[in-house]
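The structure displayed is predicted, hence computed values, not measured ones.
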Amino acid sequence: MHRVPKCFALVFLSLLALLVTAPGLSAQNQKQAFLAAFRGAVDSGDFSKQRSLVGQNKDLSFGAFFDFEADMLKARVADNLEAANKAYSYMEAMASNFRLEFNEAYLNDRQRWANGLEGEAAQKRIDAYNSYWNGVQSQSEGDGGNEQGYLNALESYSNSLLACFEIKDYFWAAMAANYMSGIHNKLNNYFESAYYARWCKDLAVRGGIAGRSDFAWIDGYLNDLHDKKRVLRPDLIDITINDMDKAKAAHAEAVVKSQQIESVPGEDDDPRKRREEKPGLAAPAPGKGIDTETWSEWNFKPGIEKDAWTKIKLPYYNARWVSPTNPQKDPFYQYEVFDKDAAAKDFGAFPGGKAEYDGSLNLTTDLQKKPKLKVKSNKFAKVELKVRYDDDSEAEVAHMMLDYLPTRKKLFGQDFRFQDEDKSFLVAWYGISAVRGKVHGEDIEIVDTNGNGVFRDTGEDSVIIGKGKTARIEPLGRYIFLPGENGLYPFEFKVNDKLAKLVRTRPFKGALAPITVEYSTGSGKMPEYLIARGTGEDVEFYFDLMKGLDPAKPIWVPEGRYEIFQGYFLFGSGNKETNLLIGKGTSKAFEVKPGQLNVWKLGGTGEYGFRMLGDVTRSAESKTDLVCDGKNIRVIGNWGEQYFNFYVERITPTISIRRDSENGRKVGGEDMKLLAGDGVQMVDLWYPAPCTIKNVPSGADLFYQFTAKHGILGQIKSDWYKVN
């Protein structure tokens, strides 16, 4: 949910700074007590205590990981291998428990990356770490009224950013850029603030972490700068220009050009001429009579849900939901947990709205006529409220909502419980409001799919193009596809305000390339959607790969590199509707080149098909036993895309063990079982249970393979891997 506070408060990062390194005595004591307790739990092998500490201290846990990382690298640079290994054991335990508690794999990936730093690279990370926290200290002096502190902080953060960038530590480079943006905002240096916000986003994209909530503020903030006319068109800032004065001049020129009718390009540069040179397939053109150079403006009007929408399943594209999840948290709606005893709180589903509990959820805004609006329990119903946006504009917003008391339940024969279920209740909702208009004669609706009352969240909200059975849904992004000559043609698409009262379009100018998709499953069932997103300048371009299954009718997209964003299979209907999610996983970018048909092989096609990743290791207790933690098993498609959320059919792999090589003698195996037991957390339900493979040779090289048969995906198997 995109919500950017007016004061530019970056909630996550502020918490991190306060809880991890703030100079306040109580916070520091809290941190030290937590570090000591966690180290003790790791040293004693108390896994239950480790997980409990992490589950109750998310922010402290996240920050502590980086303290352990710094300790490891400092010890490694000092050639103190014993201390380095000890610090690494704390990192490893923190990463594992953090993933189990919060379904976030970033620290696991970070742990492996940090372990590869040696020599000069390790020293650069230490330098970046020190510079960053020098920046935090100087920034606190600036917050105390000493403006020189802000200037010192900018220098320290800049040094940290550069050091991180050199070693491809994109997370902390993005964090440094984040704070530089915030300081410039406080100094009213709005261009510089936008410049580093753009840097922050670029770094997050490079690191494959743009979907993290840490960076959710950026688009909203840049839009806010534009709306308030502090920086027009921040998207045109060229962050490759290092000289700030030159960057400002280039930006000013780009803004002027964007507001003018540009001259028609020469024949050699004419993108339409280049499109005609594509061999074998007829490239589309925008359509007769459409001005390809000028931005067109279109007025949209707000509306409320209509019956015909029930025929179109609105996908929820936000990448943060692409994780092992539970049936209450699926692609179609989001939820928030409320404290029954808490006072009224801001509720982001309705701008300016408040939520309060008195036996059921009550919603209020300062514009509605009724003093309270109750949300029904355990059944979705339409809720409409009049809301007020930051620019004082007003609108009526509708969601389908329910409140849900999380009492003890069963699922697949398993008991599970919500955390603090006696004190909490859950509210789920999905957006059904839209704004409507016409673009070049086509009916267009922008839908508040993520249910936050705003209609311009790229990659989350949806665009419905056309009407009835021929209507198409696309994620809201940089382009939409409209009918042209020889097929659908991409148009640049810009939403000017939160209510989407005005949108601007212009036909894409540049080289197009055709892309088609090969996809298969053992059952023949195909994903409902499989969304790709661009990279670089086109990172906010999204399109559905499932529209490219016919090689005779490819999707024509701007040339460039594209990544898997999110997809899902859909099963059942009504209350029994559930899904199988698809995320980026280990996949790399796919390059789409002009002048050829680009074939992207996904799912069960290609050289690899569906396969499985996981670890089998020697037991610490017995030399003749192997162990496998089911929560480490991942299902991967041909391109490396990952498949999650196996509630429709839970996977129980067979593990085979061979001696000396994959063709060696079989010396063991185990059929994994379903996770069972009292108090199992919902997020763990689809994983197989941990297992032990007994009586294997103790002194030999052993190799393992996973195999499984899934009713939808078909045959899944891993390569042969050497036991660690």
>> Take a 6.0 Å sphere around CD of E591 and say whether it holds more than 12 heavy atoms from other residues, nucleotides or ligands.
In response: yes
>> Going by side-chain contact (heavy atoms from CB on, under 4.5 Å), name the residues that satisfy it together with S520, two or more places apart in sequence or in a different chain.
In response: T605
>> Pair V517, L549 - check side-chain contact (heavy atoms from CB on, under 4.5 Å), show working.
In response: CA-CA 5 Å; V517 174; L549 293 173; 4.1 Å; yes
>> Using the rule ring pair (Phe, Tyr, Trp, His ring centres under 6.0 Å), only one of Y479, W556, Y562, Y529 pairs with F543; which is it?
In response: Y562
> Any side-chain heavy-atom pair from F65 and F98 closer than 4.5 angstrom?
Replying inline: no
>> Parallel, tilted or perpendicular: which one describes the rings of Y489 and F491, with boundaries at 30° and 60°?
In response: perpendicular
>> Please determine whether a side-chain nitrogen of the Lys or Arg among D235 and K494 lies less than 4.0 Å from a carboxylate oxygen of the Asp or Glu.
In response: yes
> So, do V592 and R561 sit near enough that their side-chain heavy atoms are less than 4.5 Å apart?
Replying inline: no
> If you look at every heavy atom in A197 and L222, which pair is closest and at what distance?
Replying inline: CB-CD2, 3.9 Å
>> Under the rule for side-chain contact (heavy atoms from CB on, under 4.5 Å), what residues qualify as partners of V435, not counting sequence neighbours?
In response: F300, P302, I446, F455, A500
>> Would you say D497 and Y389 are linked by a side-chain donor-acceptor pair, where the criterion is simply a distance under 3.5 Å?
In response: no
> Could K601 and W639 be counted as a cation-pi pair, given that NZ or CZ must be under 6.0 Å from the ring centre and within 45° of the axis?
Replying inline: no
> Between Y106 and F171, how do the two ring planes meet: parallel, tilted or perpendicular, split at 30° and 60°?
Replying inline: tilted
> With a cut-off of 6.0 Å (strictly less than), are more than 12 heavy atoms of other residues, nucleotides or ligands near NZ of K168?
Replying inline: no
> Do N638 and L602 touch side chain to side chain, with heavy atoms closer than 4.5 Å?
Replying inline: no
>> Please find the pair of heavy atoms, one from S393 and one from K501, that lie closest to each other, and give the distance.
In response: CB-NZ, 4.1 Å
>> For Y190 and E192, which I'm curious about, is there any donor-acceptor pair between the side chains at under 3.5 Å?
In response: no
> How far apart are the C-alpha atoms of Y195 and V231, what are their side-chain angles, what is the distance that settles it, and do they pass the side-chain contact (heavy atoms from CB on, under 4.5 Å) test?
Replying inline: CA-CA 10 Å; Y195 179 90; V231 181; over 6 Å; no
> In terms of side-chain geometry, is the basic nitrogen of E563 or R533 positioned less than 4.0 Å from the acidic oxygen of its partner?
Replying inline: no
>> Are the side chains of E540 and D219 in contact, using a 4.5 Å heavy-atom criterion?
In response: yes
> If you measure from the Lys or Arg side-chain nitrogens to the Asp or Glu carboxylate oxygens, is any gap between K498 and D448 under 4.0 Å?
Replying inline: no
> For N598 and A513, which heavy atoms make the closest approach, and how far apart are they?
Replying inline: ND2-CB, 4.0 Å
> Would a 4.5 Å heavy-atom cut-off, applied to side chains only, mark F62 and K58 as touching?
Replying inline: no
>> Quick check: closest heavy atoms across I555 and G548, and the distance to 0.1 Å?
In response: CD1-N, 3.6 Å
> In terms of ring plane angle, is the pair Y519 and Y643 parallel, tilted or perpendicular, where the classes change at 30° and 60°?
Replying inline: tilted
